[in-house]
Asker: 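Take a look at this one; I'll ask things after.
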Amino acid sequence: MLDLVAQFATIKDEVLPAMMQVIETQQFIMGSSVPQLEAEIARLSHARHGIGCASGTDALLLPLKALNLQPGDEVVTTPFTFFATAGTIHNAGGTPVFVDIQPDTFNIDPAAVKRAITPRTRAIMPVHLYGQMADMLELMAIGRPLGVKVIEDAAQAIGARRKMDGEWRAAGELGWVTGYSFFPSKNLGAWGDAGMMVTSDDATADRLKKLRLHGGAKQYHHDEVGTNSRLDTLQAAVLLAKLPHLAPWSAKRREHAAYYTRAFADIPQVKPPVVDPANEHIFHQYTLRAERRDGLQAHLKKEGIGHAVYYPIPLHQAEHASREAISLPIYPELTRTQLDRVIDAIRGFYR
Ligand SMILES: Cc1ncc(COP(=O)(O)O)c(C=O)c1O
């Protein structure tokens with residue numbers, strides 16, 4: 001499904017010296033690579049601040065904590081996502097309210113969000129699923145007049161863009177706070193756990209910096225109760241070394257996706273992913289809707305072809321997508337021969 005060893009071979013000579021530099025200076029905690037990476041990711045997101053943290057999960061949990069949710073406060077989100085999206089809402093003291101997705105893009109449906117708003121709604125948490133952005137313009141238009149914050153779960157969508165009112169807007173640009181994951185399998189993956197928040201709200205940036213460091217910006221001075229969720233300097237060095245590759249890697253993923261989609265045009269039993277024309281997709285996943293999905297899965301397993309079902313169990317609703325979705329290998333280092341093997345196996349199953 002993903003060959004990180006193939007990626008390692010192409011970047012080894014850039015990443016290892018960067019790590020070595022951290023090791024030689026022994027600056028493992030909040031060393032200079034951390035603020036450097038924070039500045040780079042903020043720039044990529046068209047945001048003013050980047051705040052590194054320990055994981056993508058914490059990159060969602062800390063902004064939710066910053067909302068000081070009270071029992072009964074609601075956060076509207078999608079059921080078709082990784083568990084962390086809803087789990088963090090619960091752990092921050094809120095109640096996740098699930099609304100359905102758009103059947104073509106799998107992203108949260110703004111019309112359903114609008115219907116779910118109540119006086120208890122404190123935030124909307126869209127997920128830019130599989131690497132394409134949700135309809136941020138609509139979501140901001142719903143949240144803004146009500147003082148309801150939009151927190152973008154961009155764990156799968158670093159570098160994704162969407163044309164809004166004729167202008168390219170980045171993931172992380174419009175939301176109040178955006179969370180990224182650098183889990184190793186992500187388009188920009190660390191060599192361990194890591195995450196980052198971005199925001200353009202100065203006061204919120206200060207608050208998040210405190211929350212990730214036991215509630216104090218100054219050592220041994222604690223304004224509130226926070227936690228230890230620092231971004232490891234070694235991981236920041238790995239990510240900085242990999243960052244120049246992100247755009248070409250995502251372009252390669254788009255190229256692979258186009259190749260698959262052309263090949264699947266004559267197999268009526270599979271529906272290739274729909275790219276909203278406003279979106280530039282980064283194809284973290286290439287996910288088909290497939291007839292007899294479980295049978296196809298067994299067939300691909302027998303053929304030795306990597307695949308995965310994201311997500312087999314919807315957190316609530318979104319049942320159709322859970323029954324039909326199947327993701328195929330899409331990583332940049334895939335060869336034409338490998339792509340053709342995947343395509344032939346799928347063709348073989350439906351023949
Ligand atoms: C949509 C989504 N949200 C949140 C997360 C959590 O990120 P992490 O695994 O870095 O904690 C992930 C990735 O695993 C994800 O895919």
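Numbering of ligands and ligand atoms starts at 1, following listing order. Keep in mind that this is a model prediction, so the values were computed, not measured. Counting begins at 1 with the first residue of the sequence. What's counted below: heavy atoms across the whole structure, side chains too, no hydrogens, waters or symmetry copies.
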Asker: Surrounding CZ of F83 (heavy atoms of other residues, nucleotides or ligands, distance under 6.0 Å), is the total greater than 12?
Answerer: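 Not buried by this count: 12 neighbours or fewer within 6.0 Å.
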Asker: Can you list, pair by pair, the side-chain donor-acceptor contacts under 3.5 Å of residues 294-307, counting residues two or more places apart and other chains?
Answerer:
| residue | atom | partner | partner atom | Å |
| --- | --- | --- | --- | --- |
| H299 | NE2 | A345 | O | 2.8 |
| H307 | ND1 | I305 | O | 2.8 |

Asker: More than 12 non-hydrogen atoms from neighbouring residues, nucleotides or ligands closer than 6.0 Å to CZ on R144, yes or no?
Answerer: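 No, because the 6.0 Å sphere around CZ of R144 holds 12 heavy atoms or fewer from other groups.
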Asker: Heavy-atom count check: over 12 atoms from other residues, nucleotides or ligands less than 6.0 Å from I313 CD1?
Answerer: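 At most 12 heavy atoms, drawn from other residues, nucleotides or ligands, come within 6.0 Å of this atom.
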Asker: Applying ring-ring contact (aromatic ring centres under 6.0 Å, His included), can you list everything that pairs with H245, at least two apart in sequence or on another chain?
Answerer: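 Applying ring-ring contact (aromatic ring centres under 6.0 Å, His included) to H245 gives W249.
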Asker: With sequence neighbours excluded, tell me which residues meet side-chain hydrogen bond (donor to acceptor under 3.5 Å, both in side chains) with T178.
Answerer: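 side-chain hydrogen bond (donor to acceptor under 3.5 Å, both in side chains) check on T178 returns E152.
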Asker: Could you go through ligand 1 and list every pair where one of its N or O atoms sits under 3.5 Å from a protein N or O, giving the atom names and the distance to one decimal?
Answerer:
| residue | atom | partner | partner atom | Å |
| --- | --- | --- | --- | --- |
| ligand 1 | 3 (N) | D153 | OD1 | 3.3 |
| ligand 1 | 3 (N) | D153 | OD2 | 2.8 |
| ligand 1 | 7 (O) | S181 | OG | 3.4 |
| ligand 1 | 10 (O) | G56 | N | 2.8 |
| ligand 1 | 10 (O) | S181 | OG | 2.7 |
| ligand 1 | 11 (O) | G56 | N | 3.4 |
| ligand 1 | 11 (O) | T57 | N | 2.8 |
| ligand 1 | 11 (O) | T57 | OG1 | 2.5 |
| ligand 1 | 14 (O) | K186 | NZ | 3.1 |
| ligand 1 | 16 (O) | Q156 | NE2 | 2.9 |

